[in-house]
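Shown next, in structure tokens, is the structure this report addresses.
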Protein chains: 2
Amino acid sequence: MNTCSYIKNARNDIPVDVLFELSEFFKFFGDTTRIRIIHLMLSGELSVNEIAEKLNLEQSVVSHQLRILRTANLVKPRREGRKMFYSLDDEHIGLIFNTGLTHILHKKGK
Amino acid sequence: MNTCSYIKNARNDIPVDVLFELSEFFKFFGDTTRIRIIHLMLSGELSVNEIAEKLNLEQSVVSHQLRILRTANLVKPRREGRKMFYSLDDEHIGLIFNTGLTHILHKKGK
DNA sequence: TGAAAATATGAATACTTGTTCATATATCAA
DNA sequence: TTGATATATGAACAAGTATTCATATTTTCA
């Protein structure tokens, strides 16, 4: 009857350090530049310059944020000549993105 | 073949201001104190002092963070005499919490 | 009304972090 | 090797924010 897996799987004994990691993880989604980069990557991999052009951002801004996302294993790099292509490392990233998106769109609809 | 629903439901035309709101939304989960408060509330409503005691935090810290969560409609207050009880406003909050938690636990398992 | 309990708030501080600018590194082509 | 292209990085600055401390509200009870 209950289709919400998050309730069935609710954990009651989460260590503080795991909660800390969880908050650190959500921080990566808590920046406009990064969320726009993640959004772009939902459609596939992109080079640094492609991202910068599509988002109308300076190259260094994109590069700085990509380093953060790469260090956190949210995106993975692939070199092709002089270009670096980045793509989402984990399929869960899109799930979290869309879960949040569904939430705010749902609230806006009211 | 593709079992990832987030790809099937991918939205390609998200306005920048919606992406901004989305990042602002995720910021609420990007703080240790708030994520611990949210975690506590997954089990039900709590008074301010209960939260402060369980998390070993000063009352003003909890109150400040509750104001942020309340303003963002993540939690809702209920007065009972001198006490204020707070609970999660939206059932999606728990879903997002657990989606992120599942993700980092999955990565730790590797 | 006065005191106590519970919560909220304001200002100050310290800390974090995103952007900017300049520059460095890396790769390719001639 | 030299120049051009693509990306990365470091330092400095500015803006945002979580915590602390003190104090203000609000409510209950004697």
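Because only heavy atoms are used, hydrogens play no part in the values below, and waters and symmetry mates are left out as well, while side chains stay in. Quick caveat: nothing in here was measured; it's all calculated off a predicted structure.
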Length of the line joining [X]:[atom1] and [N]:[atom2], which is rounded to integer Å:
| X | N | atom1 | atom2 | value |
| --- | --- | --- | --- | --- |
| F20(B) | dG18(C) | CZ | C1' | 13 Å |
| R78(B) | dA6(C) | CZ | P | 16 Å |
| L69(A) | dA8(D) | CG | P | 12 Å |
| F85(B) | dT7(C) | CZ | P | 8 Å |
| R67(A) | dT19(C) | CZ | P | 13 Å |

Please state whether the phosphate of dA6(D), meaning OP1 or OP2, lies under 4.0 angstrom from any side-chain nitrogen or oxygen of Y86(A). no
Under 3.5 Å, which donor-acceptor pairs link side chains of residues 65-80 of chain B to any protein atom two or more places apart or in another chain?
residue, atom, partner, partner atom, Å
Q65(B), OE1, R34(B), NH1, 2.8
R70(B), NE, Y86(B), OH, 3.2
T71(B), OG1, R67(B), O, 2.7
R78(B), NE, E45(B), OE1, 3.2
R78(B), NE, E45(B), OE2, 3.3
R78(B), NH1, E80(B), OE1, 2.9
R78(B), NH2, E45(B), OE2, 2.4
R78(B), NH2, E80(B), OE1, 3.2
R79(B), NH1, G81(B), O, 3.1

With sequence neighbours excluded, what pairs up with E24(A) under the salt bridge (Lys or Arg N to Asp or Glu O under 4.0 Å) test?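 Applying salt bridge (Lys or Arg N to Asp or Glu O under 4.0 Å) to E24(A) gives K27(A).
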What residues, two or more places apart in sequence or in another chain, satisfy salt bridge (Lys or Arg N to Asp or Glu O under 4.0 Å) together with D89(A)?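 Residues passing salt bridge (Lys or Arg N to Asp or Glu O under 4.0 Å) with D89(A): K107(B).
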Going by side-chain contact (heavy atoms from CB on, under 4.5 Å), name the residues that satisfy it together with I104(A), two or more places apart in sequence or in a different chain.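 I104(A) satisfies side-chain contact (heavy atoms from CB on, under 4.5 Å) with L101(A), V18(B), E21(B), L22(B), F25(B) only.
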For T32(B), what residues pass the side-chain contact (heavy atoms from CB on, under 4.5 Å) criterion, not counting sequence neighbours? F20(A), S23(A), R36(B)
Nucleic acid footprint by protein, nucleotides 14-27 of chain D - heavy-atom cut-off 4.0 Å, B for base, S for sugar-phosphate alone: ----SSBBB----B
Kindly state which residues belonging to residues 45-54 of chain A come within less than 4.0 angstrom of DNA chain D, counting heavy atoms of the residue only, listed by number.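 Under 4.0 Å from DNA chain D: S47(A), V48(A), N49(A).
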side-chain hydrogen bond (donor to acceptor under 3.5 Å, both in side chains) involving S47(A) - partner list, sequence neighbours excluded: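 Per chain and number, S47(A) pairs via side-chain hydrogen bond (donor to acceptor under 3.5 Å, both in side chains) with E50(A).
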Applying side-chain hydrogen bond (donor to acceptor under 3.5 Å, both in side chains), can you list everything that pairs with R82(B), at least two apart in sequence or on another chain?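 Per chain and number, R82(B) pairs via side-chain hydrogen bond (donor to acceptor under 3.5 Å, both in side chains) with no residue.
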CG/N56(B): more than 12 non-hydrogen atoms of other groups inside 6.0 Å: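 Open: at most 12 neighbouring heavy atoms sit under 6.0 Å from CG of N56(B).
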